[in-house]
Amino acid sequence: MTPPAEGTVIRCPHCQKANRVRPTPEGIPRCANCHRPLPWVVTADQRGFDAEIAASVPVLVDFWASWCGPCRMISPLLERLAARYAGKMKLVKVNIEENPDLATRYQAMSIPLLVLIEHGREVARHVGAAPEAALIGWIEPKLTAAEAEQRSS
Ligand SMILES: [Zn+2]
């Protein structure tokens, strides 16, 4: 049996408390101090990937590499999205140089590649950099639909 993932330390943007967040298929991570939803941003490798994408909210996987300029450009935009939609999505970053098996599995030929996963299945993908407003326009309707679906189930 593989040991449980040690998780990720996420600092609360509201009260600055450092929270250790482990992958969980249920619920959303909240700050232990102020109880607000945390911006759920984690880095995954091949070993932990399946546990990280099992989540109660849509998971946006960011496939990137250090040599990719556009990837570095959208990385802070994606983190802002995770903060904007705290409690509604999870951002999982995957370095394709370190995780070639995941790059193959998701056919990450062209990066940055964003793959949106719901209930473990890919539901949408976006290739290439884009301005923040375009990324919001792409993801917001999907998050709203997922939220409505969860409320009605
Ligand atoms: Zn807090």
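All ligand and atom numbering here is 1-based and tracks the order in the structure. No hydrogens, no waters, no symmetry mates; every other heavy atom, side chains included, goes into these values.
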Peer 1: Please evaluate residues W40 and L60 with respect to the criterion side-chain contact (heavy atoms from CB on, under 4.5 Å), reporting the C-alpha separation (whole Å), side-chain torsions for both, the decisive distance (0.1 Å), and the verdict.
Peer 2: CA-CA 10 Å; W40 205 357; L60 183 64; over 6 Å; no
Peer 1: Mind reading off the angle at the Zn ion (ligand 1) between the SG atom of C31 and the SG atom of C15, rounded to 10°?
Peer 2: 100°
Peer 1: Is the Zn ion (ligand 1) less than 2.8 Å from an N/O/S atom of H35, whether that atom is in the backbone or a side chain?
Peer 2: no
Peer 1: Would you indicate whether the side-chain heavy atoms of E140 and Y85 approach each other to under 4.5 Å?
Peer 2: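 Sidechains of E140 and Y85: in contact.
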Peer 1: For the residue pair P58 and E118, establish whether any side-chain heavy-atom pair is separated by less than 4.5 Å.
Peer 2: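 SC-SC contact between P58 and E118 confirmed.
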Peer 1: Should the SG-SG distance of C68 and C71 be recorded as below 2.5 Å?
Peer 2: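 Looking at C71 and C68, their sulfur gamma atoms lie closer than 2.5 Å, so the answer is yes.
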Peer 1: Give a yes or no on whether H14 keeps an N, O or S atom under 2.8 Å from the Zn ion (ligand 1).
Peer 2: no
